[in-house]
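In what follows, every chain begins at residue 1, and chains take the letters A, B, ... in the order their sequences are listed.
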Protein chains: 2
Amino acid sequence: MEKISLGYQSLAATFRYKVEEGMWRIGEPIPSEASLAKEYGVAVGTIRQAVAQLADEGVLVKRHGKSTAVSSGLNGQSMLRFFRHQLDGQRQLAPSAMVLDLKEIAIDKNIAKLTGWSCKTLLKIHRVRLVDGNPLLYEMIYLPLPKFKKFLGYTPKDFEDLFYPMYARSCGVAVIKAKDQVGFELMKKADAKVLSMKEGHPAVRVNRIAFDLTGKPVEYRSSVGDAMAFQYSAEVN
Amino acid sequence: MEKISLGYQSLAATFRYKVEEGMWRIGEPIPSEASLAKEYGVAVGTIRQAVAQLADEGVLVKRHGKSTAVSSGLNGQSMLRFFRHQLDGQRQLAPSAMVLDLKEIAIDKNIAKLTGWSCKTLLKIHRVRLVDGNPLLYEMIYLPLPKFKKFLGYTPKDFEDLFYPMYARSCGVAVIKAKDQVGFELMKKADAKVLSMKEGHPAVRVNRIAFDLTGKPVEYRSSVGDAMAFQYSAEVN
DNA sequence: GAGTGGTCTAGACCACATC
DNA sequence: ATGTGGTCTAGACCACTCA
């Protein structure tokens, strides 16, 4: 095994590969910087630079005093917090979620184009997100099917409130990034029914593509809710 | 002058201070890393770490082969690109902007709360952003007044299409970050008139607070447009 | 060619978490 | 006490920009 690698960028690529191939498993610690330095025959500082880059990308997580680990991904609370809730004094909010339906479908041409997925079938999950029992968001979630086949045997009540941690635990998929597109439309009949609203009511739609550790799209999600209750926050840099 | 500073974080704070106080001026190069190392009696690597942190924050800009400089800020095209334009084949889009009005006003209580500004008066600028001559966005821009007093003598036609570079050049203010809030409402009469639309039409409102090199709010902007033509993109990490 | 930042080394010592 | 990552040093050499 000759080493062609030169420089911390190649090392970073090597480490990224280890994560992709599952040699470094999600949520688990990687070898110490000192041992990696020995293994690759470089100075510790060089290892540190490579690790720092991956930590920047969200692939690795550094923990002072403990080992560096492969990221387990976002926790998935990132959707509901975008709604403005009518603040009833200091009362606690009780967000929850409910899966209405799941089924295997043929891949949608539009979704295939957006995600670049080459699989033949998808798992389509309908669910509602609620606050204090009131339905706020109606979500359609599409997952590529070889990868998420474990969910095929699930029933609606087997799903947890937060999906992303469940992806990590059950399917070995860590979501570390997502791209949202926010648009407005008039509510369709089917959506209105689920949300107990009138057809034609102003609605917001958020289409999201979520990415895993390797930068590949692993989820497509289309959510609809009451435009009047919606507020989206973002930073521009 | 004794040095109490220890570590690259203190150095970063020192450098940030130099930028705040104008000792390092926006758009201009800072001393080389070697000379800074000598000046502060630390190793070059330590200087590099401090500089890297500020570069990360967008305060400094590194340029391989040339000197590191204080950032001149964002270029301000970050608003209009959020609309979906009906693509007429491969035709080029021609975005532009027009200032309708500017005046000095007493500070708005709500804006004061959002920005933390303690000044007494603001400059309020109305402008329209157009694509191919069609009004798409109606913006109200609020600027704190000691800082932007130079604009008091301007007439509408003195303003350029992109505001942020103009802030930098004319007022020494570099915008490097902003926070957007996207919400939905029904169009008010005054807004509808400017945009050639009907009152009560679905409208999107984007409220933005823009921050300068020192992290202080320097602009409040409220923009309204046709919700049906709007699309907002953001990344979640 | 002179000056800048970018990469890398081989150490030292510090700060934190854990046993 | 041990092992981890965090900070720092004092060099060396490389890569880029520009006069």
When all nucleic acid strands are considered with a 4.0 Å heavy-atom cut-off, which category describes B:Val42: base, sugar-phosphate, or nothing?
-> sugar-phosphate
Would one find a side-chain N or O of A:Thr46 under 4.0 angstrom from OP1 or OP2 of C:dT9?
-> yes
Once you round it to whole Å, what is the distance between C1' of D:dT7 and CD of B:Gln9?
-> 10 Å
B:Arg63 CZ to D:dC18 C1', straight-line distance once rounded to whole Å | 12 Å
When the distance from CG of B:Leu60 to P of C:dT4 is rounded to whole Å, what number comes out?
-> 16 Å
For residues 20-33 of chain B, the salt bridge (Lys or Arg N to Asp or Glu O under 4.0 Å) pairs (sequence neighbours left out) are B:Arg25-B:Glu28, B:Glu33-B:Arg48, B:Glu33-B:Lys62
Under the side-chain contact (heavy atoms from CB on, under 4.5 Å) test, which residues partner B:Glu57, sequence neighbours left out?
-> B:Arg16, B:Gln53, B:Leu54, B:Val59
For A:Ile111, what residues pass the side-chain contact (heavy atoms from CB on, under 4.5 Å) criterion, not counting sequence neighbours?
-> A:Asp108, A:Thr115, A:Trp117, A:Leu122, A:Tyr142, A:Tyr220
Length of the NZ-C1' vector between B:Lys62 and C:dT7, whole Å = 12 Å
A:Leu11 CG to C:dT7 C1': how many Å, rounded?
-> 12 Å
Between OH of B:Tyr40 and P of D:dC8 the distance, given in whole Å, is 15 Å
For A:Ala210 and A:Val175, work out which heavy atoms get closest and say how close.
-> CB-CG1, 3.8 Å
Between D:dG6, D:dT9, C:dG6, which one does the side chain of B:Arg48 approach most closely?
-> C:dG6
Which residues pass the side chain to side chain donor-acceptor pair (under 3.5 Å) test with A:Thr68, sequence neighbours left out?
-> none
Closest to the side chain of B:Thr68, out of D:dC8, C:dG5, C:dT7, is C:dG5
For the side chain of B:Tyr8, starting at C-beta, report the closest nucleotide among D:dT7, C:dC8, D:dG5.
-> D:dT7
Could you go over nucleotides 1-3 of chain D and give all protein N or O partners under 3.5 Å, atom names and distances?
from	atom 1	to	atom 2	distance (Å)
D:dG3	N2	A:Gly65	O	2.8

So which pairs with a foot in residues 210-220 of chain A pass salt bridge (Lys or Arg N to Asp or Glu O under 4.0 Å), sequence neighbours left out?
-> A:Glu219-A:Arg221
Figure out the CG/P separation between B:Leu36 and C:dT4, and round it to whole Å.
-> 10 Å
Figure out the CD1/P separation between A:Ile47 and C:dT9, and round it to whole Å.
-> 9 Å
Of all the base pairs, Watson-Crick or G-U under 3.5 Å, which form stems of three or more consecutive pairs involving DNA chain C?
-> C:1-18 with D:1-18
Mind listing the closest non-hydrogen atom pair of B:Cys119 and B:Pro146 along with its distance?
-> CB-CD, 3.9 Å
With respect to the side chain of A:Ala43, which nucleotide from D:dT7, D:dC8, C:dT9 is positioned closest?
-> C:dT9
A:Phe15: ring pair (Phe, Tyr, Trp, His ring centres under 6.0 Å) partners, not counting sequence neighbours = A:Trp24, A:Tyr40
Would you tabulate the nitrogen or oxygen pairs shorter than 3.5 Å linking the protein to nucleotides 11-14 of chain C?
none

Not counting sequence neighbours, which residues clear side-chain contact (heavy atoms from CB on, under 4.5 Å) with A:Lys150? List them please.
-> A:Tyr154, A:Ser170, A:Cys171
Only counting residues at least two apart or in another chain, list the ones meeting side-chain contact (heavy atoms from CB on, under 4.5 Å) with A:Thr155.
-> A:Lys157, A:Asp158
For B:Glu160, the side chain to side chain donor-acceptor pair (under 3.5 Å) test, sequence neighbours excluded, returns B:Arg169
Between B:Leu123 and B:Phe148, what is the shortest heavy-atom contact and its length?
-> CD2-O, 4.5 Å
